[in-house]
Number of protein chains: 2
Amino acid sequence: MGKRITSHDVARRAGVSRSAVSLVLNGRAEGAISAQNQEAVLRAVNELGYRPNTVARSLRNASTHTIGVVTDSILSTGFGGDMVNEATRAAAARGYLLLVVDCDRNPVREQEAVQVLKSRQCDGLMLAAEHLREWQPPPGFADEKCLLLDAVDPSGQVPGVVSDEVGGARSATELLLRAGHREIAYLTGESHYLAAGMRVQGHTKALAAAGLGPQLVECGWDISDGLRVGLRLLDSPDRPTAVLCANDRVAAGVFLAAARLGLSIPDELSVVGYDNDRNVAPHLGLTTISLPHRAMGARAIEVLLDVMAGRAVESTRLLVDSPVVERASVAPPSR
Amino acid sequence: MGKRITSHDVARRAGVSRSAVSLVLNGRAEGAISAQNQEAVLRAVNELGYRPNTVARSLRNASTHTIGVVTDSILSTGFGGDMVNEATRAAAARGYLLLVVDCDRNPVREQEAVQVLKSRQCDGLMLAAEHLREWQPPPGFADEKCLLLDAVDPSGQVPGVVSDEVGGARSATELLLRAGHREIAYLTGESHYLAAGMRVQGHTKALAAAGLGPQLVECGWDISDGLRVGLRLLDSPDRPTAVLCANDRVAAGVFLAAARLGLSIPDELSVVGYDNDRNVAPHLGLTTISLPHRAMGARAIEVLLDVMAGRAVESTRLLVDSPVVERASVAPPSR
DNA sequence: TTGAAAGCGCTAACAT
DNA sequence: ATGTTAGCGCTTTCAA
């Protein structure tokens, strides 16, 4: 631990008491400390480079102004980092610091992390998932002021901030329908993923509204999956005119498949991704559905601070919109 | 802050004094507390679910067992997450918690973050970069026990743990030479990136040892760059037989270009990437140079704890090896 | 072998 | 309007 400048030093230098220093620094000085002394305190603070010892303040106030965040694999995969990042900002803007512990999907480490964060006296606790999933909170978690982020509690006890997957897939589909497409294939992620199922729902619903049925192809989540399935699906004269992809990486695979088959995008094939993956979508000119990670992170802090303040949450699933990001991979069908 | 079980509660329940509880819990009981009472304390701890209040302990011990980590954009880009993740583990194994603040490359936020972490009384401070760069530590940083991770201090004051970029590019080149290639193009990242320059060095050195000169093409770091440059470079009969890429995303772009041009990899073209990007390399069967993020993270904690213990660091640049990861994108040249 | 007491740096109730 | 004091929960002398 660094320096040794305490409020006592400041008080001495300013010629006032330690309580005076405390009052000034906590904005409770008005009507209690003379303007002259306030001035003196502030000057001493600057001259000495004094910063209050947060640890002592935490002990005294029974509040650390920290929020403990346990993540499953956000750090290791890099997916969802924006969410945590924006949460960090939103928290900082309110004087809170996030204590983030990534547990790499290891339940034992998750349990330990919750214990560690509790013993560090976090004012609130959060479980943040890389992508939408069910997440049974570890023991002791639900005893605290807490919230899930991009996850739902199967027991319904802890509320969660989640993205609107159904709505996102619906928007994507409507976009293709508006462009004139009638033969749309959907390369879905594995069906045991929560998000995959919800997206299929939204997709199917939008098609039904246009009097169409879905063409679903279970695929996967990676470039290689998009390539493999794309090659099979597109190498035929009655291929679909548009493909909706499980995510942007799959879309990249479809781009690769189209290149091999000599199909040009978007003239002969429209492609829509999902996630708005910064490493993929902009570089491919890919139209995609944005996962609203930043908004979710900000929302989560807002809600959790409400919970910490004792206010009730209106619902157990707090939906955040997933807007379409239009780029150049969609055009009217050529036939 | 949660429940209110203190060491006092434990002491009462065990029928001993608070100091006895402290001694037992800190392993200093032997020869001081009777076996019977130790037993009683442990039992009471379990029954009550007591966990020591870390804040109080920190205040008393003048040590928080935390390490403050300021990152430039690891969280937002997801690149280098493994580094932080492994650092978290290594720290946890020694009873330390990482306080990670991502500042999104914003210098003002970086300054603030350092101040916040200092006032939180972190025992050590770290600056961790998304990828190798020069990083002038913010004011106040170098006053603490500190270290850079994947970054170098231009003033040479603060030591840094960095990957061996020169060695990595040399290994990659040697691999292609061993496979029989003589016409190797290197799609470099922008030259103002520190890593790009060092990789060119390693590449050139390895070629020189084989009596060859480099074919350097300044390119960029993204899929679109690889595609663009790849189309130009490979659409000619005297194209290179092998391409070494600035990173794996560029390599993905080259794959795309090769697909368009009808070139099969690795039969007609060998490709080597850099980074071992988990979202790209394995799915493309791409041979690549691994950025040793995990090893770097672990090493950083090790070194920083040494610094915190007052031990001197042997060098200002602590190199970590960058090993080759062989997959299926390299074969002997076809001509 | 154990308990009483001081004190880490801060804030807030209470005197002055 | 300002200073004194108690105490947050813990560890660590120091007496008993």
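A note on names: the letters A, B, ... follow the listed sequences, proteins ahead of strands, and every chain is numbered from 1.
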Taking the side chain from [X] and the backbone from [Y], do they hold a donor-acceptor pair closer than 3.5 Å?
X	Y	answer
A:D123	A:T64	yes
B:S315	B:L318	no
B:S34	B:N37	yes

*Between B:Q121 and A:N53, which heavy-atom pair has the shortest distance, and what is it?*
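Here B:Q121 and A:N53 meet closest at CG-OD1, 3.5 Å.
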*Look at the aromatic rings of B:Y96 and B:H65 and report parallel, tilted or perpendicular, splitting at 30° and 60°.*
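Answer is parallel, since the angle falls under 30°.
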*Mind calculating the distance between CZ (A:R120) and P (D:dG9) to the nearest angstrom?*
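To the nearest whole Å, that distance equals 18 Å.
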*asked:* If I take atom NE2 in residue B:H8 and atom C1' in nucleotide C:dA4, what distance separates them, rounded to the nearest angstrom?
replied: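 Between C1' of C:dA4 and NE2 of B:H8: 12 Å.
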*asked:* Salt bridge or not between B:D104 and A:R294? Use side-chain N to carboxylate O under 4.0 Å.
replied: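 Looking at A:R294 together with B:D104, the answer is yes, because their closest N to O distance falls below 4.0 Å.
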*Heavy atom of residues 20-42 of chain A under 4.0 Å from DNA chain C: which residues?*
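Going residue by residue through residues 20-42 of chain A, the ones with a heavy atom under 4.0 Å of DNA chain C turn out to be A:S22, A:N26, A:R28.
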_With a 4.5 Å cut-off on side-chain heavy atoms, are B:D82 and B:R278 touching?_
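Result yes, sub-4.5 Å side-chain heavy-atom pair found.
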*With a 4.5 Å limit on heavy-atom distance, are the side chains of A:Y50 and A:V41 in contact?*
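No; the side chains remain at least 4.5 Å from each other.
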Using the 3.5 Å cut-off, write out each protein N or O paired with an N or O of nucleotides 5-8 of chain C and the distance between them.
| residue | atom | partner | partner atom | Å |
| --- | --- | --- | --- | --- |
| C:dG7 | N2 | B:R60 | NH1 | 3.3 |
| C:dC8 | O2 | B:R60 | N | 3.4 |

*Under 4.0 Å between a side-chain N or O of B:S7 and OP1 or OP2 of D:dC10?*
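Answer is yes, contact under 4.0 Å.
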